[in-house]
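To keep things clear, I will list the structure first and then write my remarks on it.
What you see is a predicted model; the values in this text were computed from it and never measured.
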Amino acid sequence: MKIILFVLILLSLSSYTFGQHTIKGKVTDTAATYKMSNATVTILQQKDSSLVGFTRADTSGSFHINPVPSGQFMLMVSYPGYADYIEEFRIDSATQQKDFGLINLILKATLLEGVVIQGKAAAIKINGDTTEYNPASYSIQPNSKVEDLLKQLPGIQVDKDGKITAQGKTVSKVLVDGEEFFGDDPTLVTKNIRGDMVSKVQLYDKTSDRAAFTGIDDGEKAKTINIQLKEDKKNGYFGKISAGQGTDKFYQHQGMFNAFKGKKKISAYLTTGNTGQTGLGWSDSEKYSGSGIETTDDGAVMMVFTGGDDELGGFDGRYGGQGIPRSYSGGLHYEHKWNKDKESINSNYKIGNMDIEGVQNSLSQNNLPDGMISSSSDQNFRKHLFQQRGDAKYSISIDSVTTLKVSINGSLKHSSTEDQFLSQSNRADNSLLNSSSRSLNNKGKGHNISADAFFSKKLPKKGRTYTIRISGQVKNDDATGFLHAKNEFFNTSGTLDSSQLTDQYKVNDIQDNRFSTELSYTEPLTKEISLSVSYGLNLLHGTSDRKSFNQSAMGQYDLLDETFSNNFDLQQLSNRGGLSFNYKKDKSVINIGNDLSQVSFRQKDLYRNSNFNRNFINWSPRADYRYMISKQQSLQFRYSGRTSQPGIDQIQPVRNNNDPLNITLGNTELKPSFSNNFSLSYNSFKILSEQYIWMQGSYNFNSNAFSSNVITDATGKTTYQTVNLQGHTPSSYYFSTSMDRKVKVIGSNVGMELNINGNTSYNMVNNAMNTSKSASYGGNLNFRKSKENRYDFYMRGGPNYNTNSASLQTATNNNGWGASGDATLNIYLPGKLELSTTANYEFRGKTQTFDETFERLLLNASISKKFLKTENLKLSFSGQDLLNQNVGFDRTANNNMINQNSYTTIKRFFLLSLSWDFNKMGIDTTKK
């Protein structure tokens, strides 16, 4: 502290040579009765926030700073428990003395009651690993939503579909007052909660219940945004009703009602439409998908629902822009805290239906040691899903040190898919290699019930705790379907050489039952160091009965095809132990830990009376170091490692002939692989200049990694088998940085972003090693400017360059330039008129592989008229995709395969809609 004061004194004295001006004033509270003795008074340069002078008020609250040079400055006055006072001022050569007179500070508690001061609140605060935004520093229009607020916040992007990306990572949870709202579906918060109800927006990595309770990191992280509501916005009701009808039979209707009363929240919504804006968007898609078997994060093998559209009943209900959707969804939400916040409940029910029809066209290039194969495919698809889900969470603080949380979830689903494929492949000389006609028709249903109980207790010694978690799950998925396929193979002269027909009826019955427990204990070893130990037991029993039937002479599908039928019975026992150390002192926090799990796996193939047994041990080390450079700056380093066991589909795959030209083989000799991840991040915010900087980089590499051994024969048939890489180490890297700053000369925020990522992978192709390298370089500039009740404008865009090469075909690559950008402009005219337009631009240049340029500009516009004194009744006429350029398109590269897809999607239409935002918040609930 003495060193800091010495430096401040030196800095103050160093300004003496620049002038002899004096700054003075007196600090009091709003009633001018309390003298703010020892209040901190600081003079800062406006241009860079550098320190000019510093002092403390005397016993009467008076202060003076002398000398102060000429120039433009900021006066900042701070006092514990009171809001900071900041005022800009200028001193020229003619000014001898600047007297601020009485400076009245206001209690922070008073501010919560709605009192407004003329000061400047910090737009961003950094508290540990939490970045906190102050909505008061941004433009919030009447009746605008949280999504409109998020689009203005530095480091956060919201795309045209409502997907949120923050600090380079997808936001998986958006909470309201720290609680889930309709589960954890982000769009139900961002598109319905009003922006003017928000007191602050918090961005952080949400940890597990155990880590949050003990304070010791266990490696579980989820990028999360918490919307904290203003206290006076927690009583009353609000909502929205809108109806829109458009050209080409497009429509969109929505209704939502919210009633808040202190700690109690009741909400309901209903949406229906075919514009792509009312999709289900449920974040827990894994609960509603297809069927299969895979490996968990800790290496244990489990039955799961994979959800591939080629699997029976595999549609998960999401709309990703492919095809034309029709959907409806609805839900109810109830949460309440009572008994002095000792007890709480959070419950949800959701129901939805989604139908999608569309066409997709695909081009691909398969690089081989002796040439390449080019393929094209046309697909017509229809997808349907009806699903329901309910969940409830109950929490009770039994006493001041003991809590219990109990949750239960249940879901039901019915789905169907219809797919028609026409494809052909050509050799490098453009001669026809094979052709295929394939159809899949599937129907599925399933249910899933799970329950979880989490008990935590703090023991008398500070820092000594223990937690117990018990959970169970019952899952079932049934599906039936038909597969019809005709494949023809041609010789080098183009003459038909052979053909293959498949006509089968398929029945799937998948069941998965599991039970798990976990016990953890923390012990403070010293004032700075804590120890955490944990143990978990997991039991699993699952069955996977998949039958394929050929047609008999009587026309019935009653001949079992054992080659493509399976009946697996799986039993698994795993024991997991963990050990973690936590060090916390001053500005540093260090977490070091490791988890070990021993797994006994027993699988029996009931059709072939064969057994597959496997015992293995996994370990997952981790380390985390966080250093708070200052209250507005932090630096964090993370390392995590993980053993990965091969999945059952890699060792002994389910025999599947849904695509006879692509077959997967098993490999019982597979060994585990180990992955390493290193990451470093830094963020900083300067309050007075409103400069925000965020950087993150990571590097990953795998030892003994899994890779594919691909064999493509002369007819174009391809078989895939997983192998361990020997002598080669796949790796990837990532770097991203963003900066945002208020430029006072133009009164706008200007920012920039830079993203670099790449990876190197290996796979065997026809017994030859193929090395694939890809990289992406991109950057953009962003600009925000607004003027209250006049306009607000946002623009973001920049170029990118992508590289992709395969060692098997060094003469060709998939390198190419691209660009992307988006912009939003709202103009507020007299007469409560509003003009709005959004633009989204994307460009993909030609490559050696694909001699085609892709470019589209999606332009949407609307004109609206607001009615009533509160401007909450709005009539709008909008046009979507005015230039009629919304053509679905994407390019991907994977090992020796390069793909380009184009698909039907929603194109130009016009919509006339009427919406009513009603709001009666701030009701005094103490009055009867």
Side chain to side chain, L483 and K506, heavy atoms closer than 4.5 Å: yes
Heavy-atom closest pair, residues D881 and K907: OD2-CA, 3.6 Å
Intermediate values then yes/no, side chain to side chain contact (heavy atoms under 4.5 Å, CB included), S415 and F386: CA-CA 6 Å; S415 65; F386 172 77; over 6 Å; no
Heavy-atom closest contact (V174 atom, V189 atom, distance): CG1-CG1, 3.6 Å
Listed partners of K393 passing salt bridge (charged side-chain N to carboxylate O under 4.0 Å, His left out), at least two apart: E180
Minimum heavy-atom distance A485-P660, with the two atoms named: CB-CG, 4.2 Å
Heavy-atom check, side chain of S644 versus side chain of S673, under 4.5 Å: yes
Verdict with reasoning, I906 to I324, per side chain to side chain contact (heavy atoms under 4.5 Å, CB included): CA-CA 6 Å; I906 298 171; I324 307 299; 4.1 Å; yes
Side chain to side chain contact (heavy atoms under 4.5 Å, CB included) between S436 and L661, worked out: CA-CA 9 Å; S436 176; L661 293 180; 4.0 Å; yes
Residues, nucleotides or ligands: over 12 heavy atoms within 6.0 Å of Q551 CD: yes
Flag side-chain contact, heavy atom, 4.5 Å: H384 against N353: yes
Verdict with supporting geometry, D561 and F549, side chain to side chain contact (heavy atoms under 4.5 Å, CB included): CA-CA 5 Å; D561 186 342; F549 295 95; over 6 Å; no
Closest approach of I470 to T517 (non-hydrogen atoms, all atoms of both residues): CG1-CG2, 4.1 Å
Polar contact flag, side-chain donor to acceptor under 3.5 angstrom, D477-H447: no
Aromatic ring pairing Y557/Y505, orientation class (parallel under 30°, perpendicular over 60°, tilted between): tilted
N-O pairing of K350 and D391 below 4.0 Å: no
F381 six-ring face occupied by K383 cation (under 6.0 Å, within 45°): yes
Side chain proximity check, L540 to D512, heavy atoms < 4.5 angstrom: yes
Any side-chain donor near an acceptor of the partner, Q504 and N550, under 3.5 Å: yes
Geometric class of the F482/H484 ring pair [parallel <30°, tilted 30-60°, perpendicular >60°]: parallel
Geometric cation-pi criterion R614 and F601, 6.0 Å radius, 45° cone: no
SB check D595 R576 (cutoff 4.0 Å): yes
Under the salt bridge (charged side-chain N to carboxylate O under 4.0 Å, His left out) test, residues paired with K717 that sit two or more places apart: none
Side-chain heavy-atom pair S439, F421 within 4.5 angstrom cut-off: no
Closest contact, heavy atoms only, T904 versus G358: OG1-CA, 3.4 Å
Distance-minimising heavy-atom pair for S267 and F181: OG-CZ, 3.3 Å
